[in-house]
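Treat the numbers as computed from the prediction; the structure is a model and nothing was measured. Ligands are counted one by one from 1 in listed order, and the atoms in each one are counted from 1 as well. For the single chain, residues carry numbers from 1 onward in sequence order.
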Amino acid sequence: MDDYKIFLSEREMPQAWYNINPDLPAPLAPPIHPGTGNPVGPEDLAPLFPMGLIEQEMSMERWIDIPDEVMDVLKLWRPSPLHRAFRLERHLDTPARIYYKNEAVSPPGSHKPNTSVAQAYYNKAEGVERITTETGAGQWGSALSFACQLFDIECKVFMVRVSYEQKPYRRLLMETWGAECHPSPTEQTEAGRAILEADPDTPGSLGIAISEAVEEAAKNENTKYSLGSVLNHVLLHQTITGLEMKKQFEIAEDYPDVIVGCVGGGSNFAGFTFPYLKDKLEGDREIDIIGVEPTACPTLSRGLYNYDFGDTAEMTPLLKMFTLGHRFVPAPIHAGGLRYHGAAPQLSLLVDQGVIEARALPQNEIFEAALMFARTEGHLPAPETAHAIRGGIDEAVRCKETGEEKCIVIGYSGHGHFDLSAYENYFSEDLIDYALPQEEIDRAREYLAPLQQS
Ligand SMILES: *Cc1c(COP(=O)(O)O)cnc(C)c1O
């Protein structure tokens, strides 16, 4: 086949999500209640999430049907195209075949609405009137605003204050889709007021914004909270990308040898790799599955596999995951979506078992790859996505050295149209290639040690 794009018709869309829980090579450690030390039950999560999502979080069913109402919204942009990167291949002069699955075609411009739409639906089905969430650069906030608008739910976003001030466009996108967006910390929550009292000029952080969104949901009867990555149900909703990809590769009469994606919390990566992991775990296929992260926040490649909190304020359940410690504040790299101290428990387990490989790369190399991609393929990637592209290019260059004709797939998680100021910085100066000092990991080892017993 020599098509530039492989499309599916709407009738060929996957009808069910793939739940990896029953196929994991070891049992997943349960989330722990930090107060009692016991596993968290559905009733503990009920103030924050609708039952439909809590059931998915704990489900052992391999396939979970996608409701028609969710499908009807996903069809605004799905199925997404699988592209063959012929021009990039020629530029690299590689014998490898390079493909990319394009999640930038969604209205908010990333993979995130694959789950925000599903989450809004399950909330609406249980009569929830309002959803709160946090956002850093605004990718998740805009994806949830979009979904809430289509299901007629109010949406309130706590946006990290520095980003609110520096990145007006995603905030305007949220407001366009009818959401309220507040610079966090606010005066509206106890958590916010406490921080402002101590430091009125605080730039805010994702950890603080999570605390505010959780507090507001917990205190209001008709309000729930929503998270854009890390949790099992979020990864589940993202598997639609990998399931589509499998059908597209059948049409292309090809099969991936290497799959590369970027990892923040791990949801886009899990989404397009988990359906292939099933083949790999069943021993049918040799596939290299590679997650790429920033050297400034190398959670999977250098973190500890330990119980830890999801947020800075220690309000969430404890999750067993790779983590750099919940007190860790990553350096201000341009890939804001990859600055998270932890990683999804399901993905962490697979890295611990040696089924998935993790690599960390510095941001100048990332932007070099982003430019090469934009100048050959035309599409301008988000800085997060550029990590996946760099990983794919490195593999293709290796193929040139060895002469191997591998099939390489890149997860194209989103476009960079709202990240052009990051490109501007790259054009005008050398970006700082932050490396994580070993002391930071040693420090985390110390304060996380008591949580390992959980
Ligand atoms: C949020 C985001 C990511 C990182 O989140 P994951 O949960 O790891 O997928 C990656 N790419 C883009 C474009 C994003 O918006």
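- For ligand 1, none of its N or O atoms has an N or O atom of Thr385 under 3.5 Å away.
- At under 3.5 Å, a nitrogen or oxygen of Gly265, whether backbone or side chain, sits near a nitrogen or oxygen of ligand 1.
- A salt bridge links Glu89 with Arg84; the closest basic N to acidic carboxylate O contact falls under 4.0 Å.
- For the residue pair Lys112/Gln238, the side-chain donor-acceptor check at 3.5 Å is not satisfied.
- Between Asp394 and Arg398 there is no salt bridge, since no side-chain N of the basic residue sits under 4.0 Å from a carboxylate O of the acidic one.
- Nearest heavy atoms, Asp311 versus His326: O-CB, 3.6 Å.
- Under a 4.0 Å N-O distance rule, the pair Glu440/Arg445 does not qualify as a salt bridge.
- Considering only non-hydrogen protein atoms, atom 2 (C) of ligand 1 sits nearest to Lys112 NZ, 2.4 Å.
- Residue-ligand proximity, Ser229 to ligand 1, at heavy-atom distances under 4.0 Å covers atoms 6 (P), 7 (O).
- Polar contact with ligand 1: absent for Val263 (N/O pair, distance under 3.5 Å).
- If you number the atoms of ligand 1 from 1 as listed, the ones under 4.0 Å from a heavy atom of Gly414 come out as 13 (C).
- The pair Arg359-Glu293 fails the salt-bridge criterion, with no side-chain N (NZ, NE, NH1 or NH2) lying under 4.0 Å from an Asp/Glu carboxylate O.
- You'll find the side chain of Ile131 reaches within 4.5 Å of the side chain of Leu144, heavy atoms only.
- Per-residue contacts place Gly337 under 4.0 angstrom from the following atoms of ligand 1 (heavy atoms of the residue considered): 4 (C).
- For Gly264, a nitrogen or oxygen atom sits less than 3.5 Å from a nitrogen or oxygen atom of ligand 1, counting backbone and side chain alike.
- Taking every heavy atom of Ser413 and a limit of under 4.0 angstrom, the matching atoms of ligand 1 come to 10 (C), 11 (N), 12 (C), 13 (C).
- In terms of polar-atom proximity, defined here as any N/O pair under 3.5 Å, Ser267 does make such a contact with ligand 1.
- Figure legend: cation-pi geometry between Lys246 and Tyr276, with NZ or CZ positioned under 6.0 Å from the six-membered ring centre and within 45° of its axis.
- At least one heavy atom of His111 sits under 4.0 Å from some atom of ligand 1.
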